[in-house]
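Please read through the structure below; I'll follow up with questions.
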Number of protein chains: 2
Amino acid sequence: MLFEVKNDTPGLMNLRELSERLNLSQTTVSRALNGYPEVSEQTRKRVAAAAKEFNYRPNIRAQRLATGRSMSIGHIIPLSKQNEMVNIVFADFIAGAGEVYARHGYNMSLSLVRDEEELNAYRGVAEKGAVDGIIVHSPARHDPRIAFLAELDIPFLVHGRASEVTTPYAWLDVNNKRAIETGTRHLLELGHRRIALVNGEERMDFAQRRREGYLAALCGADVPPDPGLMRSNEMSEPYGHAAAHEMLDRSAPPTAFVASSIVSALGIRRAIQERGLVMGRDISVLCFDDEISYLPNGQTTPVFTAMRSSVRAAGRRCAELLIDQITHPDQELRTELWDAELVIGPSTGPCP
Amino acid sequence: MLFEVKNDTPGLMNLRELSERLNLSQTTVSRALNGYPEVSEQTRKRVAAAAKEFNYRPNIRAQRLATGRSMSIGHIIPLSKQNEMVNIVFADFIAGAGEVYARHGYNMSLSLVRDEEELNAYRGVAEKGAVDGIIVHSPARHDPRIAFLAELDIPFLVHGRASEVTTPYAWLDVNNKRAIETGTRHLLELGHRRIALVNGEERMDFAQRRREGYLAALCGADVPPDPGLMRSNEMSEPYGHAAAHEMLDRSAPPTAFVASSIVSALGIRRAIQERGLVMGRDISVLCFDDEISYLPNGQTTPVFTAMRSSVRAAGRRCAELLIDQITHPDQELRTELWDAELVIGPSTGPCP
DNA sequence: GAATCACTTCAAAGCGCTTTGGATGCCGGA
DNA sequence: TCCGGCATCCAAAGCGCTTTGAAGTGATTC
């Protein structure tokens, strides 16, 4: 590290200078600005006026060192080949969380790290106070990050769950099993029997739970699951497209699809149309809809029949829960399970 | 601010303790750890071993205060109703930039702020050193942020350009005009005359330039532009869908569409299909393709004929340029103009 | 033997804030 | 008159690091 210490923000005043100019101590000025009670109203006004006049702004770095709090929340994103970060769902989550951070004076610190460095990144970020708390994204069923963070003793909250982790932790999740079970049952009630599942990667916890829901619904209707009708991969448009084509090529093609994401549902729709079939009449499609801003499921009326739960709202709520945990460290770990809502669109219909 | 100073990371050692344990001064230990030359190899090893043994990790907050550098880059995202942040293009940009940050030891600080507070956010973030540099996203033609940041005297780089801003600034942009001009000309060469433009919001600089390119191509082919064939809005799927339907309802409907984004192109395709038309045969569609990870334009062969330029690569490059600017503050402001590449897919064909 | 030099190491002074633990002055009650 | 209490304000001690400027070693040179 061969950098010079630069005269930081040269034109600007620091607390000492400001207090000298006011003939007050730094203590008093600091207290006046931070709203402490042991300052007379008159001085407080005088200080505020001077701060404004001289365009004083406390140095955040100094503040952070002195208070021991960084006022920022870490999001560590694994940067795999199949890039989790870029998941468009993630962007909406971040937007929701960011809103809440802004309201509470926090900011968001994003680190993208290569998979093999992820645990180290958590340590680096958390251990010596670059952030006050961490949000864990996309937990796998057996996710090492949770025990790791628990041991680091830093507040964190998981968006999703990790079924095989026994360490207690705070989380917020959608009831994925119930959601897909409800959706699948809806298709069964429409008479479908060969229902395909175009799932996300099943090392992800949510994908596993969705499969469980799918299987539970089939089981409840005495429909034996067909392994040939179940796919699992990263939820992209081409994946949905390819999976649909492959399955529709089978001798006993599915009459309905359950897609884990609206993105892969778009691919499924494309495949259906390429075959000259009509979605909703010849083939039904139901998907999980995270209410992604740029890919809304229709404006007023839905395009896809879907299990709906806003990921943006989840982001907001996760941020609130985490900030609460940071400011009240002694409270119990909280968890929240949200239910997705079934919305009916023209993409599903009775089994032909 | 009524928080206690908490004993920060209690179990961990700080520099003083570590140096006492080693019978060395803090100076020497600090230098040994930071790779300064004036430390003997032997001591360096001894220090490294002890640091590892006691799991020492420097306090980032203290480091930041002492060095005057925060080792983070700010991205401030306006949080409008029509949420820029959530722009899926943005997520890919961030992913690219994040890669580079990670490699250089920087991290990314994201703040989402309401529109009316945006300038204040820049000030707050930059003025007293929460970040070492800033990336400006989605500049408008007449963007106040640029002059503002220039005055704050903090390194920043604009992704895009702001045509009406005279202050010099560093930027990286795609040659939007040439890209869309090329694309439109391609359609003209296929015999199309009624070509619709489904553009982004034209207060955005890139959208204006794209329209210029569109008009230039029409002009070059002596095709008078038809205002009824030009739309401008935030580039969502439903917008593309609605715009396409409206224009196809006209008495003289377009035979081809130029879309500013693959997202709106998806909507256009949906509309075409809903009308029982075939894309590429009855109606041609060409779009700008930012190579969004989750919405790739086909796998090996493109689905849409497109002008292609990776926004993720742009993110990477912006990060590099900015870091370079931070580490070499005296160099001249740099700019880069990238060309998009025309790729041909089945979505375009001769005018029927 | 003194002077020079390269190599190591160190004490102490910041960085700019917050917070502790008093001081000071003023008032009313005993 | 004295004392306690209240309202204000302050000096100084951190927070945990980096960096300056100087000093202590030997070894080498003249």
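Values below: all heavy atoms of this structure, side chains included; hydrogens, waters and symmetry mates excluded. Everything numeric here is computed off the predicted structure, so don't read it as measured data. Letters A, B, ... mirror the listed sequences (proteins, then strands); counts begin at 1.
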Discussion item. To the nearest 10°, give me the bend of the helix from C:dG1-D:dC30 to C:dA30-D:dT1, comparing the axes of its five terminal pairs at either end.
Written reply: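 The angle, to the nearest 10 degrees, is 70°.
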Worksheet item: Taking atom CG of A:Asn34 and atom CD of A:Gln63, what is their separation to the nearest 0.5 Å?
Response: 6.5 Å
Item to complete: Look only at the side chain of B:Ser30 and the backbone of B:Gln26, and say whether a donor-acceptor pair between them is shorter than 3.5 Å.
Response: no
Worksheet item: Under 3.5 Å, side chain of A:Arg316 to main-chain N/O of A:Gly96, donor-acceptor pair present?
Response: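 No; zero donor-acceptor contacts below 3.5 Å.
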Practice prompt. On DNA chain C, check which nucleotide each of B:Leu65 and B:Ser40 is closest to and give me the residue with the more 5' one.
Written response: B:Ser40
Discussion item. Whether the A:Asn107 and B:Ser109 side chains hold a donor-acceptor pair (N or O, under 3.5 Å, no angle test) is what I'd like checked.
Written reply: yes
Worksheet item: Got a sec? Which of residues 42-52 of chain B come in under 4.0 Å of DNA chain D, heavy atoms?
Response: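 Nothing qualifies; none.
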Item to complete: Check the distance between C:dC15's P and A:Glu17's CD and give it to me in whole angstrom.
Response: 10 Å
Worksheet item: Would you say A:Asn34 reaches C:dT18's phosphate, i.e. side-chain N/O to OP1/OP2 under 4.0 Å?
Response: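 A:Asn34 to C:dT18 OP1/OP2: side-chain N or O found under 4.0 Å.
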Practice prompt. Would you give the length of the straight line joining atom CD1 of A:Ile134 to atom NE2 of A:His75, rounded to the nearest 0.5 angstrom?
Written response: 9.5 Å
Worksheet item: Quick one: does A:Arg64's side chain have a donor or acceptor within less than 3.5 Å of a partner on A:Ala130's backbone?
Response: no
Worksheet item: Rounded to the nearest 0.5 Å, how far apart are OH of A:Tyr56 and CG of A:Leu33?
Response: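 The CG atom of A:Leu33 is 6.5 Å from OH of A:Tyr56, to the nearest 0.5 Å.
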Fill in: Whole-Å distance separating the CG atom of A:Asn14 from the P atom of C:dC17
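Value for this atom pair: 5 Å.
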Item to complete: Determine yes or no for a side-chain-to-main-chain donor-acceptor pair under 3.5 angstrom, with B:Tyr106 supplying the side chain and B:Asp132 the backbone.
Response: no
Practice prompt. Measure the distance from CZ on B:Arg64 to P on C:dC17 and round it to the nearest whole Å.
Written response: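 Between P of C:dC17 and CZ of B:Arg64: 17 Å.
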Worksheet item: How long is the line joining CD of A:Glu38 and P of C:dG22, in whole Å?
Response: 16 Å
Worksheet entry | Separation of atom OH in A:Tyr36 from atom P in D:dA7, rounded to whole Å | 18 Å
Discussion item. Rounded to whole Å, how long is the line connecting atom CZ of B:Arg61 with atom C1' of D:dG14?
Written reply: 14 Å
Worksheet, complete the sentence: From CD of B:Glu41 across to C1' of C:dT9 the rounded distance in Å is 16 Å
Item to complete: For the side chain of B:Ala66, starting at C-beta, report the closest nucleotide among C:dG16, C:dT9, C:dG14.
Response: C:dG14
Worksheet entry | side chain to side chain contact (heavy atoms under 4.5 Å, CB included) partner of B:Val131, the single match among B:Ile154, B:Ile76, B:Ile73 |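 Filter result, single survivor: B:Ile154.
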Worksheet item: If you look at every strand shown and take non-hydrogen atoms under 4.0 Å, does B:Gln63 touch a base, only sugar-phosphate, or nothing?
Response: sugar-phosphate
Worksheet, complete the sentence: Taken to the nearest 0.5 Å, the spacing of A:Glu320 CD from A:Arg334 CZ works out to 9.5 Å
Worksheet item: Between B:Arg21 and B:Glu17, is there a salt bridge with N-O shorter than 4.0 Å?
Response: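 No.
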Worksheet entry | B:Phe93 CZ to B:Ile135 CD1 distance, which is reported to the nearest 0.5 Å |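 The CD1 atom of B:Ile135 is 5.0 Å from CZ of B:Phe93, to the nearest 0.5 Å.
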Fill in: Interatomic distance, A:Arg57 CZ vs C:dG16 C1' [rounded to whole Å]
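Spelled out: CZ on A:Arg57 to C1' on C:dG16 is 16 Å.
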Item to complete: Tell me which residues in residues 19-31 of chain B put a heavy atom below 4.0 Å from DNA chain D, sorted by number, or none.
Response: B:Gln26, B:Thr27, B:Ser30, B:Arg31
Practice prompt. Respond yes when some side-chain nitrogen or oxygen of A:Tyr56 is under 4.0 Å from OP1 or OP2 of C:dC17, and no when none is.
Written response: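 Yes.
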